[in-house]
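See below for the structure under consideration.
We name chains A, B, ... by the order of the sequence lines, and we start the count at 1 in each one.
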Amino acid sequence: MIKEQIKDILDKYFNEGVEQGLWTNAAAGSYAVELPKHTSHGDFSTNMAMLIGGREKKNPREVASLLAEQMGTHIDLFSKVEIAGPGFVNFFVRDAVWQSVIKPVCEKAYGYGSSGIGQQKKVLVEFVSANPTGPLSIGHGRQAVLGDAIARLLEATGHEVTREYYYNDAGRQMRVLGESTRARYMELLDLGAEFPEDGYQGEYIYDIARKLISEKNDSLKDTADVAPFKEKAEQEIFANIAETLARLDIRFDNYYNEHSLYEKGLVDDVVARLREKGLAYDHDGAVWFKTTEFGQEQDRVIIKSTGEPTYRLPDIAYHREKLKRGFDWLVNIFGSDHIATVPDVLAGIRALGYDDSMVTVVLHQFVTLTREGKQVKMSTRKANFITVDELFDEVGPDVIRFFFLTRKADSQLEFDLDLATKESQENPVFYVQYANARLRSIQKKAEEKNIRRNPLQEVSLGKLSLPEELNMLKALASYPELVEDSALDLSPHRIIFFLMDLAGQFHSYYNSHLVISDDPELTQARLWLAEALRIVFHNGLRVVGLSAPETM
RNA sequence: GCGCCUGUAGCUCAGCUGGAUAGAGCAACGGACUUCUAAUCCGUAGGUCGCAGGUUCGAAUCCUGCCAGGCGCGCCA
């Protein structure tokens with residue numbers, strides 16, 4: 001908010017300079033207000049003079065001195081404005097300005113950091129979308145946590161969010177699942193059965209078979225149809241997935257079944273539309289989509305010569321349907337193995353007359369699993385993967401969330417099983433939560449001593465003059481913009497790093513300064529600072545789905 | 001062969017989309033609890049930002065070319 005104020009003033013002087021013919025508006029929109037790394041360079045700086053100088057062959061330092069002179073007149077905001085280096089203009093903000101951020105933080109409380117920039121835009125966040133063939137793996141865990149944190153950030157910034165899980169229970173995978181279940185069922189009944197070569201070997205299939213036996217005895221032994229097995233397996237696995245997600249405090253608004261697209265004729269309709277537009281044609285008994293019209297190297301099959309559609313077709317139909325349902329923005333969280341489908345889907349919706357900029361795909365890289373220093377290949381079919389549930393037995397939901405969120409989506413994530421337990425004790429999530437708990441503890445101590453916070457307008461916030469205090473106040477002031485940036489960038493990891501940094505500042509401060517001291521005025525000011533910090537820790541933790549415990 | 005992602009301290013990762021002297025957490029070493037929670041703090045050490053060019057006032061960040069790892073490139077999903 002202080003940054004915005006400076007930007008506004010800067011814009012004003014820039015435009016005045018243009019009107020007065022001091023420079024052209026060539027640099028419009030390219031200059032920025034930045035946060036210098038070193039305190040000796042002020043609280044904010046701008047590169048405007050250098051950009052003007054570079055474009056117009058003017059001496060940047062001359063432009064800078066002009067600018068500095070004008071900015072320096074805002075004595076309510078700045079204690080000092082100076083020129084540095086090749087032409088930076090550095091702004092030193094008055095302590096009182098920083099101290100005053102406590103007011104908005106405490107007034108807005110748990111709403112601090114939330115905003116309306118999303119303008120109630122309807123966003124559909126699609127994530128997990130794993131077919132129900134087995135428990136959620138660590139890879140799914142990353143996606144679940146990432147998608148949920150993104151959804152929360154979008155909610156916090158005034159978007160109307162729907163969380164959706166898209167699945168297909170009709171394909172080959174599911175038939176194999178049914179056959180695997182039947183084989184285990186027969187095996188448990190000692191009726192002998194051949195286990196399908198590419199069947200699902202996980203222990204959970206036995207569990208499902210056992211349930212089937214306890215419910216139906218051996219009444220299914222002569223059934224030729226795999227449907228009852230498939231349906232039971234699907235139902236059990238879905239229940240398990242939902243439970244796992246619930247343990248992570250992740251809930252979906254919708255489970256969207258691919259099959260319903262066929263039932264509603266939406267898949268056929270896409271083919272018809274594409275044919276109408278001359279973007280689909282028959283060749284070798286299959287139906288092809290002219291993806292070459294959309295910059296791809298080759299056309300793609302959408303209906304096989306057997307008459308079955310390829311995965312692309314329902315995917316396109318699904319995205320079109322999402323847009324028809326009135327969403328303004330589709331955010332898809334996909335694993336990197338889905339890279340190839342993205343251009344096809346985007347081409348599809350463009351072909352159908354929609355703007356593909358309404359779709360944003362967050363591709364997250366894989367989770368690689370290492371055990372005793374060696375990489376383990378994971379496969380659902382072979383059941384040699386680690387499930388989110390197993391992880392749960394070792395560590396709690398906050399550790400899991402934090403672990404997955406501490407990397408940006410683009411990075412591969414190495415999961416070291418040997419460190420999992422260790423992580424549970426040393427995970428930095430506790431470092432942040434501990435800061436929150438300590439702040440709460442200070443407040444409880446104050447209550448015990450019968451010290452109440454006086455109304456803010458009666459408190460001398462000027463007492464908060466230590467560099468550590470001012471730095472924390474600056475962090476508090478930057479929080480709302482951080483939430484906006486993280487949301488629009490779909491980058492929850494930025495919140496995590498902010499929290500770790502702020503926690504570091506606070507713990508250090510805590511160890512060398514008392515909040516509750518013999519100086520009543522100072523105590524009042526610091527209690528308000530503590531409250532503002534607590535609010536921001538709480539909000540930051542919650543906005544990415546972490547808990548904010550008051551005691552630890 | 002082609003496309004996308006990654007390469008930063010011993011390890012795991014940030015680096016606010018081009019800024020000034022590159023950061024954090026682990027791991028290592030040495031210290032700090034009669035004061036609001038030691039799940040904490042303080043200090044020491046650790047770097048050719050994969051390599052080589054280029055763009056400009058200025059590059060870990062942008063462009064090109066190599067090198068290495070991951071994921072894809074089906075009438076599989």
### Query
Once Watson-Crick and G-U wobble pairs under 3.5 Å are found, how is RNA chain B written in dot-bracket notation, 5' to 3', with | for any base paired to another strand?
(((((((..((((.....[...)))).(((((.......))))).....(((((..]....))))))))))))....
For [X], which contact category applies under a 4.0 Å heavy-atom criterion: base, sugar-phosphate, or nothing?
{"X": "A:N47", "answer": "base"}
{"X": "A:A32", "answer": "nothing"}
{"X": "A:E297", "answer": "sugar-phosphate"}
{"X": "A:K444", "answer": "nothing"}
{"X": "A:K449", "answer": "nothing"}
{"X": "A:Q173", "answer": "nothing"}
{"X": "A:M552", "answer": "base"}
{"X": "A:D284", "answer": "base"}
{"X": "A:S512", "answer": "nothing"}
{"X": "A:H364", "answer": "nothing"}

Taking [M] as the reference, what is the distance to [N] when you measure between their [atom1] atoms (whole Å, please)?
{"N": "B:rA9", "M": "B:rA28", "atom1": "C1'", "result": "13 Å"}
{"N": "B:rG7", "M": "B:rC13", "atom1": "P", "result": "10 Å"}
{"N": "B:rU61", "M": "B:rA22", "atom1": "C1'", "result": "12 Å"}
{"N": "B:rG72", "M": "B:rU55", "atom1": "P", "result": "39 Å"}
{"N": "B:rU40", "M": "B:rC73", "atom1": "P", "result": "45 Å"}
{"N": "B:rG50", "M": "B:rU12", "atom1": "P", "result": "15 Å"}
{"N": "B:rU56", "M": "B:rG10", "atom1": "P", "result": "34 Å"}
{"N": "B:rA68", "M": "B:rG30", "atom1": "C1'", "result": "39 Å"}

### Criterion side chain to side chain contact (heavy atoms under 4.5 Å, CB included) against A:Q433, the qualifying member of A:N427, A:L499, A:L541
A:L541
For a quick test of reading the model: is some side-chain N or O of [X] closer than 4.0 Å to OP1 or OP2 of [N]?
{"X": "A:Y31", "N": "B:rG19", "answer": "no"}
{"X": "A:S40", "N": "B:rU21", "answer": "no"}
{"X": "A:K408", "N": "B:rG15", "answer": "yes"}
{"X": "A:R438", "N": "B:rA38", "answer": "yes"}

Is there a side-chain contact between [X] and [Y], using heavy atoms and a 4.5 Å cut-off?
{"X": "A:M71", "Y": "A:I6", "answer": "yes"}
{"X": "A:L527", "Y": "A:R452", "answer": "no"}
{"X": "A:L10", "Y": "A:F44", "answer": "no"}

### Task
Fit a plane to each ring of A:H38 and A:H41, take the angle between them on a 0 to 90° scale, and name the class: parallel (under 30°), tilted (30 to 60°) or perpendicular (over 60°).
perpendicular
## Note on the structure
Of B:rC75, B:rC5, B:rA39, the nucleotide closest to the side chain of A:Y434 is B:rA39
### Message
Can you see whether A:H507 engages A:R438 through a side-chain donor-acceptor pair at a distance of less than 3.5 angstrom?
### Response
yes
#### Entry: Residues A:E258 and A:Y318: side-chain donor-acceptor under 3.5 angstrom
no
### Query
Nearest nucleotide by nearest heavy atom, which residue falls closer to the 5' end of RNA chain B, A:E308 or A:K3?
A:K3
### Task
Would you mind telling me which residue lines up with the more 5' stretch of RNA chain B, A:H41 or A:I442, judged by nearest nucleotide?
A:H41
### Message
Between A:Y510 and A:Y434 (judged by ring centroids, cut-off 6.0 Å), do the two rings come close enough to count as a pair?
### Response
no
### Task
Confirm from the modelled atom types if A:T306 and B:rC75 form a donor-acceptor pair under 3.5 Å, side chain to base only.
no
### Task
Please confirm whether any donor atom in the side chain of A:N90 sits under 3.5 Å from an acceptor in the base of B:rA20, or the reverse.
yes
### Residues within residues 334-349 of chain A bordering RNA chain B, heavy-atom distance below 4.0 Å
A:S336, A:D337, A:I339, A:A340
### Task
Enumerate the residues from residues 503-510 of chain A whose closest heavy atom to RNA chain B is under 4.0 Å, giving them by residue number; use none for an empty result.
A:H507, A:S508, A:Y510
Roughly how many Å is it from [atom1] in [X] to [atom2] in [N], rounded to a whole number?
{"X": "A:I495", "N": "B:rC16", "atom1": "CD1", "atom2": "C1'", "value": "12 Å"}
{"X": "A:F402", "N": "B:rA14", "atom1": "CZ", "atom2": "P", "value": "13 Å"}
{"X": "A:Y431", "N": "B:rU40", "atom1": "OH", "atom2": "P", "value": "7 Å"}
{"X": "A:M50", "N": "B:rG19", "atom1": "CE", "atom2": "C1'", "value": "7 Å"}

### Query
Out of A:R312, A:K290, A:R350, which residue meets the salt bridge (Lys or Arg N to Asp or Glu O under 4.0 Å) rule with A:D344?
A:R312
### Task
Report yes or no: is the ring centroid of A:F88 under 5.5 Å from the six-membered base ring centroid of B:rA20, with the two planes under 30 degrees?
yes
